[in-house]
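The structure appears below as structure tokens.
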Protein chains: 2
Amino acid sequence: MLKRERQAFILKQINLHNRVLSSDLSTEMQVSEDTIRRDLMELSNTDKLIKVHGGALSKSFHSSFLREDIYQLDAKKQIATKALNLIKDGMFVLTSGGTTIIELARILPPELKATFFTGSIPAAYEYAKHPNIEVIFIGDKISKGSQITVGGEAIMKINSIKPDLCMLGVNAIDITTGVTDNDWDVVQVKKAMVEAASKTAVLTITEKMNTCQKLKICEITQVDYLITEMDHEHDLFKAYANAGIEIL
Amino acid sequence: MLKRERQAFILKQINLHNRVLSSDLSTEMQVSEDTIRRDLMELSNTDKLIKVHGGALSKSFHSSFLREDIYQLDAKKQIATKALNLIKDGMFVLTSGGTTIIELARILPPELKATFFTGSIPAAYEYAKHPNIEVIFIGDKISKGSQITVGGEAIMKINSIKPDLCMLGVNAIDITTGVTDNDWDVVQVKKAMVEAASKTAVLTITEKMNTCQKLKICEITQVDYLITEMDHEHDLFKAYANAGIEIL
DNA sequence: CATTTTTTTGCATTTTTTTGCTTGTTTATG
DNA sequence: CATAAACAAGCAAAAAAATGCAAAAAAATG
């Protein structure tokens with residue numbers, strides 16, 4: 001393993017777990033702890049991470065603006081981990097934006113070869129870091145609130161593709177009202193996404209389940225997978241499972 | 001085995017595995033490691049890969065790692081400050097990507113009302129933070145190395161707009177060869193940008209002036225403004241000023 | 001075609017980088 | 001305060017890189 005590769009790996013681990021132990025890294029990468037220490041030292045000198053006794057911490061974790069104030073980050077990481085199971089080599093995946101989707105983008109395994117379509121700037125940013133993923137950005141006007149593209153051009157573009165899977169981070173899902181949201185432009189785009197894809201997976205924290213908002217994205221029958229942080233056998237999902245949705 | 005064949009093979013390996021070892025390549029192709037090193041050096045000079053101790057890494061693999069240490073940041077900030085003077089309320093501005101453009105995006109005054117078109121993810125990200133700027137993202141496939149969209153869709157979209165100003169961060173400019181770059185896809189997009197815009201401003205650190213690379217973006221006559229970190233009366237700019245370019 | 005020029009390649013030598021190990025010191029923690 | 005883990009500094013071996021040089025191959029030239 002090359003030195004730079006090692007350092008990149010360390011940074012990735014830091015971004016993923018917010019901290020690393022020298023001893024873990026040493027065994028994971030089969031090099032001496034001294035080497036790890038020297039790597040951590042270098043990365044710390046260039047302000048890539050914060051060196052502490054026994055390992056290192058993520059910079060953003062300590063001095064952070066971004067990730068610290070993501071609501072229920074741990075739950076979203078769990079959701080992302082489950083969602084990974086739906087993605088296979090060679091797939092065409094269409095994703096929305098949202099913090100849950102970003103977490104998913106972060107943990108995509110490096111070996112994964114797939115094509116991702118998205119209109120979300122932060123998501124595209126994460127996908128573009130990945131070595132083997134082709135990223136197609138769906139352009140148009142960028143909606144300030146949500147950092148995703150909205151508008152006719154984007155919708156037309158979405159209509160012209162036929163992805164295997166649509167990964168949708170949603171704000172509200174309910175067994176009778178279906179999937180809903182509250183930004184008109186965003187809803188139009190998400191509607192088009194669900195229509196275009198062969199299968200649709202909905203990612204949400206359980207807190208948002210059984211709630212609804214003003215604008216409908218799709219019926220519950222159009223959802224194929226529901227992914228939350230809770231165990232899939234929980235009573236909460238009974239009705240959804242009965243409606244034919246696979247709970248992960 | 002011919003030199004070109006070898007280099008093509010190396011690039012293929014890099015695309016496949018994201019990294020190569022000099023020693024492996026040496027045995028695989030039955031040439032000395034010196035030759036491999038020279039090949040890697042050449043490929044690194046044309047930004048095809050990133051040379052590291054012991055071998056080389058794919059550009060996409062590495063781009064996330066180098067992120068924070070921007071070369072000559074102070075100079076780029078100065079350039080950005082000067083470039084601000086060209087942007088007026090109500091303008092339609094088309095921008096490329098690159099670290100200099102990002103600096104410009106960061107310092108746009110909050111009162112400014114304008115519409116920005118771009119195919120650069122980090123640039124769009126910055127523009128989207130701005131309270132009064134409309135951002136239109138030019139979608140298509142994302143080029144891993146440069147984090148901007150490339151391809152026919154993007155070029156068609158650019159051709160369909162008529163912005164007042166094109167802000168181009170460039171890698172090489174020379175009085176006789178004009179503006180040049182070394183990534184074919186990126187060059188196509190930049191070409192289209194210059195063609196589309198009423199006026200073109202070129203942003204570059206002086207270090208890149210009077211250098212040229214393999215692929216032409218446009219003639220020097222198509223450039224309206226040249227923005228660098230140096231005083232506009234410096235001798236270095238004489239020839240450019242004589243060619244009718246306004247030096248900022 | 002002969003010869004000059006340029007490019008490419010391998011080799012020997014020196015220099016630098018990387019890495020693991022040893023020794024002594026510091027730090028964390030019960 | 002005792003003890004184990006983590007660290008720092010220095011050293012040495014190995015790997016990789018840089019440098020200079022010469023032979024071979026390819027290209028250009030008349």
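Nothing here was measured: the structure is a model prediction, and the numbers come from that model. Hydrogens, waters and symmetry mates are skipped; everything else that's a heavy atom, side chains included, is used. Chain identifiers are assigned alphabetically (A, B, ...) following the order of the sequence lines, protein sequences preceding nucleic acid strands; residue numbering begins at 1 within each chain.
If you check dA17(D), dT19(D), dC21(C) against the side chain of Asp34(B), the one that comes closest is dT19(D). Side-chain proximity of His53(B) to the nucleotides dC21(C), dA17(D), dC7(D) is greatest for dA17(D).
The CE atom of Met29(B) sits 15 Å away from the P atom of dT8(C) (whole-angstrom rounding). To the nearest angstrom, P of dA16(D) lies 16 Å from CZ of Arg4(A). With rounding to whole Å, Glu42(A) atom CD is found 11 Å from dT17(C) atom P. Between the CG atom of Leu25(B) and the P atom of dG10(C) there is a distance of 13 Å, rounded to whole Å. Summarising the geometry, the separation between CD1 on Ile36(B) and C1' on dA16(D) is reported as 14 Å, rounded to the nearest angstrom. Between the P atom of dT17(C) and the CZ atom of Arg37(B) lies a distance of 14 Å, rounded to the nearest Å. Spacing between atom CD of Glu33(B) and atom P of dA15(D) amounts to 10 Å, rounded to whole angstrom units. Atom NZ in Lys3(A) sits roughly 12 Å away from atom P in dA17(D) (whole-Å rounding).
Contact annotation for Ser23(A): no contact, since no heavy-atom pair falls under 4.0 Å across all strands.
The side chain of Thr35(B) places an N or O atom within less than 4.0 Å of a non-bridging phosphate oxygen (OP1 or OP2) of dG10(C). Phosphate proximity of dT19(C) to Arg6(A): present, with a side-chain N or O under 4.0 Å from OP1 or OP2. Between dC7(D) and Lys51(A), a contact under 4.0 Å exists linking OP1 or OP2 to a side-chain N or O. The shortest distance between the side-chain N/O atoms of Ser32(B) and the OP1/OP2 oxygens of dC11(C) is not below 4.0 Å.
The backbone N or O of Gln213(B) sits nowhere less than 3.5 Å from a side-chain atom of Asn182(B) that would complete a donor-acceptor pair. Checking side-chain atoms of His130(A) against main-chain N and O of Pro109(A) turns up a donor-acceptor pair under 3.5 Å.
Put simply, CG on Asp39(A) and NZ on Lys48(A) are 12.5 Å apart, with the number rounded to the nearest 0.5 Å.
Taking the nucleotide of DNA chain D with the nearest heavy atom to each of Gly55(B) and Leu2(B), the more 5' of the two is matched to Gly55(B).
Base-pair partner of dG10(C): dC21(D) (Watson-Crick or G-U wobble, both distances under 3.5 Å). Summarising the base pairing, dA8(D) is matched to dT23(C) through a Watson-Crick or G-U wobble pair whose two defining distances lie under 3.5 Å. Pair assignment for dA27(D) gives dT4(C), based on Watson-Crick or G-U wobble hydrogen-bonding distances that are each under 3.5 Å.
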Problem set entry | CA sep, side-chain torsions, deciding dist, call: Lys77(A), Asp74(A), salt bridge (charged side-chain N to carboxylate O under 4.0 Å, His left out) | CA-CA 5 Å; Lys77(A) 281 183 174 172; Asp74(A) 286 342; 5.0 Å; no
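Defined by atom type and a distance below 3.5 Å, a donor-acceptor pair is missing between the side-chain atoms of Glu33(B) and Ser23(B).
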